[in-house]
Student: 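Submitted below is the structure of interest, expressed as structure tokens.
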Amino acid sequence: MPVFAANLTMMFTEWAFLDRFEAAAAAGFTAVEYLFPYEAPPEAIGERLARNRLEQALFNLPPGDWAAGERGTAALPGRFDALKSDVERALDYAAATGAKRLHLMAGLADPSDPEAASSYRRSIVYAAERLAESGIDLLIEPINGRNMPGYFLNDFGAAERLIAELGLTNLKLQFDIYHRQILHGDIVMALRRLLPMIGHIQIASVPSRHEPDNEELNYPYLFEEIDRLGYDGLVGCEYIPRGRTLDGLDWFKPFARS
Ligand SMILES: O=C(O)C(=O)[C@H](O)CO
Ligand SMILES: [Mg+2]
């Protein structure tokens, strides 16, 4: 059975961030992910993880000025020095939480801009090589333009080619099924073909990005396929609960830690 990670940025928002760890564990999750941990001390997060016997699945490297609309800086020329310190900051949190995969966001840039493409490659190579020293994988994730207009990495084919071309053993694909369906569809055949480079999977309903129990995707079938493929990573629940988080967890009951 897939091992699911509660996304504490989008789920359990009825609680303060540091209290979400206990709420997720009480609901039966054995792992968590979130977008950004940086507003809490790393040791406080590490303590919550240990106290609640939770695995830290993933978080994002610092994304630039999120409040100002930035969505990562890796593809933004002139931001390389800041990216290097962002990598160090993320590594501090990875050390405190035991995270073994970090997601590097590209930023808002034109995919056909050679300067952006060059900055993106440079950032990825630097970050991947630095993370490799700690046995951590670097993930890149294609994101659809409806959710993130202008995002640089907006195509699974481009991500696949870049990962293959760079040949970095710890550079992996963050396969968000929600984005895959919106961008390209053909989810199962893509899971089968890209499995060797998949470092993390995420789920949500399409088109509303709610619990994986409704709308256009057949998640019970997809969970069985993930098992058939022998995927041994984690599945991040990156969805917006329709109502209260706990009221929307019927889909999760067969997978919950008792
Ligand atoms: O947008 C997504 O799907 C992600 O997973 C990013 O990490 C956060 O925007
Ligand atoms: Mg995602």
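Atoms within a ligand are numbered from 1 in the order they appear, just like the ligands themselves. Computed from heavy atoms alone, side chains included, the values below leave out hydrogens, waters and symmetry copies.
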Student: With a 4.0 Å cut-off on heavy atoms, is Met148 in contact with ligand 1?
Tutor: yes
Student: Kindly give the heavy-atom pair with the smallest separation between Phe36 and Thr9, and that separation in Å.
Tutor: N-OG1, 4.3 Å
Student: Report the part of Ile143 (side chain from C-beta onward, or backbone N, CA, C, O) that has a heavy atom under 4.0 Å from ligand 1; answer both or neither where that applies.
Tutor: side chain
Student: Would you mind naming the N, O or S atom of Asp176 nearest to the Mg ion (ligand 2)?
Tutor: OD2
Student: At under 4.0 Å between heavy atoms, which part of Met10 makes contact with ligand 1: side chain, backbone, both or neither?
Tutor: neither
Student: Does any N or O atom in Asp176 lie less than 3.5 angstrom from one in ligand 1, N or O only?
Tutor: yes
Student: Within a distance under 4.0 Å of any heavy atom of Gln202, pick out the atoms of ligand 1 and give their elements.
Tutor: 5 (O)
Student: Just give me the atom name: the N, O or S atom of Glu141 closest to the Mg ion (ligand 2).
Tutor: OE2
Student: Within less than 2.8 Å of the Mg ion (ligand 2), any N, O or S from Tyr178?
Tutor: no
Student: Could you tell me whether Tyr239 and His210 have their ring centroids closer than 6.0 angstrom?
Tutor: no
Student: Would you compute the distance between atom CD of Glu160 and atom CG of Asp155 and round it to the nearest 0.5 angstrom?
Tutor: 9.5 Å
Student: Minimum heavy-atom separation for Glu115 to Asp113, with atom names?
Tutor: N-OD1, 2.8 Å
Student: For the Mg ion (ligand 2), find the closest N/O/S atom belonging to Glu238 and write down its atom name.
Tutor: OE1
Student: State the atoms of ligand 1, each with its element, that fall below the 4.0 Å cut-off from a heavy-atom position in Glu141.
Tutor: 2 (C), 3 (O), 4 (C), 5 (O), 6 (C), 7 (O)
Student: So Tyr219 and Phe223, would you call those rings parallel, tilted or perpendicular, with 30° and 60° as cut-offs?
Tutor: tilted
Student: Let me confirm one number: the CD1-CG distance from Ile124 to Leu168, rounded to the nearest 0.5 Å.
Tutor: 8.5 Å
Student: Is the Phe59 ring parallel, tilted or perpendicular to the Tyr34 ring (thresholds 30°, 60°)?
Tutor: parallel
